[in-house]
Amino acid sequence: MVFLTSFLARRLPLPRAPDKQDNFWRKSMWLRISSKFYGRKRNCFGLAIVPGWRALRYATRARKLKKENMKNLWEIRLNAACNEHGMDYHTFMTSLTQADIGLNRKVLTDLAIYEPRTFQSLVQFAKQRQLEVGLESLTIDSPHGIFHRGLPNKS
Amino acid sequence: MAHNRVLQWATMARTWWLFDAYRQCPFKSSSKIAYYLIGKHKPIYDSLSDIGDHVVVINSKYISMPNDYWRVYKYFHHTGYPGGFSETAAWRLHEVDPTKVIEKAVYFYLPKNLLRRGRMRRLHIFPEEQVPTEILTNISDQIQQVQPVPKRLDEYTQEEIESFPKLFDWPEDFVLQSGFKMAESLLSESKKAETGGKKSETGGKKAENIQSGGKKETPKTGSKKAENLQTGTKKAENLQTGSKKPESQTEKPDSKKTGKKH
């Protein structure tokens with residue numbers, strides 16, 4: 001139910017009595033929610049109202065679930081991206097956090113997909129940090145195809 | 001730029017992985033194989049996109065089940081008719097088709113959706129090391145095994161056994177466990193039965209040689225040897241020289257056992 005202008009809204013077949021007009025708007029609100037349903041519950045108010053309530057309940061729940069699902073997906077992807085460079089996901093994230101590198105999972109995932117060299121250098125940074133902290137002894141390879149100015153290029 | 005384009009192709013391509021299932025737990029390895037079949041090892045992973053890789057499993061005949069799962073682990077089937085229930089032990093299934101155990105394990109591990117059959121079609125299992133050339137040419141990398149391949153005691157060389165670190169020598173009057181003695185006697189009997197006649201004596205002597213840490217002196221008969229073992233007495237000379245007699249004694253029967261099994 002889209003009213004682009006007040007002129008179009010006035011073209012609706014509204015009931016004549018003003019008390020019935022309120023009822024019309026109330027029903028159209030619920031039918032707007034059920035506009036994408038299947039079957040008669042799309043158009044019949046009596047059938048649409050209960051699935052409409054349910055849809056709103058689902059929507060409330062889904063607002064939270066979407067964040068969790070996206071977080072899980074990013075973690076899986078980042079884990080895969082870290083494993084490509086011989087790095088553990090948790091170690092990677094911990095060392096970034098400790099170094100005050102404020103990149104979240106979403107940005108890191110985008111980097112891993114679209115800018116793999118950038119991501120590799122981040123992994124390399126995390127490995128270097130692990131070496132400096134002294135928790136793990138890891139071997140570091142510089143990103144392929146990148147020429148350092150001051151540092152020796154091992155790979 | 002052209003190089004970058006090729007890199008992108010490699011991202012979207014299906015790579016082929018090799019997995020050597022020699023002495024690997026089928027359940028542990030199935031989770032690892034499924035990881036690659038689903039495509040969770042790629043940064044572009046999505047649960048609904050079909051980006052899994054091919055996995056070629058070799059040596060599926062030589063998988064090793066945990067505990068006594070060969071006997072205990074059962075596969076169930078019901079025809080739908082009354083009395084149509086049947087169950088098959090894992091060893092029986094493995095005997096019929098050596099690729100089935102690992103195939104079923106992977107199938108159960110994959111997510112239950114419409115992509116499952118397609119993912120299973122990308123799993124190629126071979127009972128032995130022989131793989132068709134058209135498949136072998138595709139393989140570009142190998143999946144790490146899930147557990148270290150155990151080495152049988154008879155696969156160790158004598159040098160390795162002798163150089164194995166030892167904390168102490170057994171005391172002279174130390175009595176070994178009865179179970180060990182039983183196993184030793186049984187093995188010696190079975191060995192006699194296998195070889196028979198003159199050969200058995202020589203074999204026995206050889207074994208004694210090894211047990212006594214390469215010492216030249218050997219008991220004349222097998223019975224005498226058994227007595228020695230039962231009483232648990234050992235030559236003082238051997239102990240004084242610090243030979244690896246006790247260790248070799250403890251290890252050898254096991255090795256025979258395993259050898260017999262296989």
Side-chain angles (χ1 to χ4, degrees), chain A residues 62 65-93 95-96 101 103-127 136 138-139 141-147 153 155, chain B residues 1-20 28-55 106 109-116 119 122-123 139-148:
Chain A
L65 280 178
K66 187 183 177 182
K67 295 183 187 76
E68 288 175 13
N69 292 341
M70 288 309 289
K71 190 184 164 192
N72 287 339
L73 178 65
W74 292 329
E75 280 178 4
I76 291 169
R77 285 181 174 179
L78 274 181
N79 193 24
C82 289
N83 286 345
E84 279 185 353
H85 303 300
M87 186 82 191
D88 178 28
Y89 164 73
H90 292 287
T91 321
F92 175 67
M93 290 301 283
S95 48
L96 285 197
I101 296 177
L103 298 175
N104 59 7
R105 294 179 184 86
K106 183 189 175 182
V107 172
L108 285 171
T109 309
D110 287 348
L111 284 179
I113 294 170
Y114 297 108
E115 294 187 26
R117 296 278 161 72
T118 314
F119 185 79
Q120 190 180 2
S121 58
L122 279 171
V123 172
Q124 194 189 354
F125 171 82
K127 283 184 179 178
E136 291 175 34
L138 297 163
T139 53
D141 293 327
S142 50
H144 176 69
I146 288 177
F147 299 95
N153 200 346
S155 64
Chain B
M1 280 305 289
H3 180 56
N4 282 341
R5 209 165 68 233
V6 172
L7 281 179
Q8 197 179 349
W9 290 344
T11 308
M12 299 301 173
R14 294 193 195 282
T15 35
W16 289 62
W17 299 82
L18 183 73
F19 183 80
D20 188 2
K28 278 184 196 167
S29 45
S30 72
S31 72
K32 194 148 192 174
I33 291 164
Y35 188 80
Y36 286 83
L37 288 175
I38 298 164
K40 275 190 174 180
H41 63 292
K42 295 181 177 180
I44 57 167
Y45 164 78
D46 188 81
S47 59
L48 292 176
S49 52
D50 195 10
I51 55 163
D53 283 350
H54 288 264
V55 179
V106 174
Y109 197 85
L110 284 172
K112 281 74 181 167
N113 53 22
L114 292 175
L115 295 169
R116 181 148 76 147
R119 279 165 179 165
R122 276 179 221 115
L123 176 67
I139 292 168
S140 56
D141 210 342
Q142 191 175 8
I143 300 173
Q144 198 181 2
Q145 289 181 320
V146 287
Q147 60 194 45

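Chain identifiers are assigned alphabetically (A, B, ...) following the order of the sequence lines, protein sequences preceding nucleic acid strands; residue numbering begins at 1 within each chain.
- The stretch residues 67-83 of chain A participates, sequence neighbours left out, in these side chain to side chain donor-acceptor pair (under 3.5 Å) pairs: A:E75-A:R105.
- Between A:A80 and B:P43, the shortest heavy-atom contact is CB-N, 4.0 Å.
- Atom OH of B:Y109 sits in a sparse spot, with 12 or fewer heavy atoms from other residues, nucleotides or ligands closer than 6.0 Å.
- Rounded to the nearest 0.5 angstrom, A:I76 CD1 and B:D46 CG are separated by 9.5 Å.
- Nearest heavy-atom pair, A:E84 versus B:H41, reported as atom, atom and distance to 0.1 Å: OE2-O, 4.1 Å.
- In this structure, chain B has a heavy atom under 4.5 Å from the side chain of A:L73, while its backbone stays farther away.
- Applying the 6.0 Å contact sphere to NZ of A:K66 captures no more than 12 heavy atoms from other residues, nucleotides or ligands.
- If you measure heavy-atom distances from B:K40 to chain A, the contacts under 4.5 Å come from both the backbone and the side chain.
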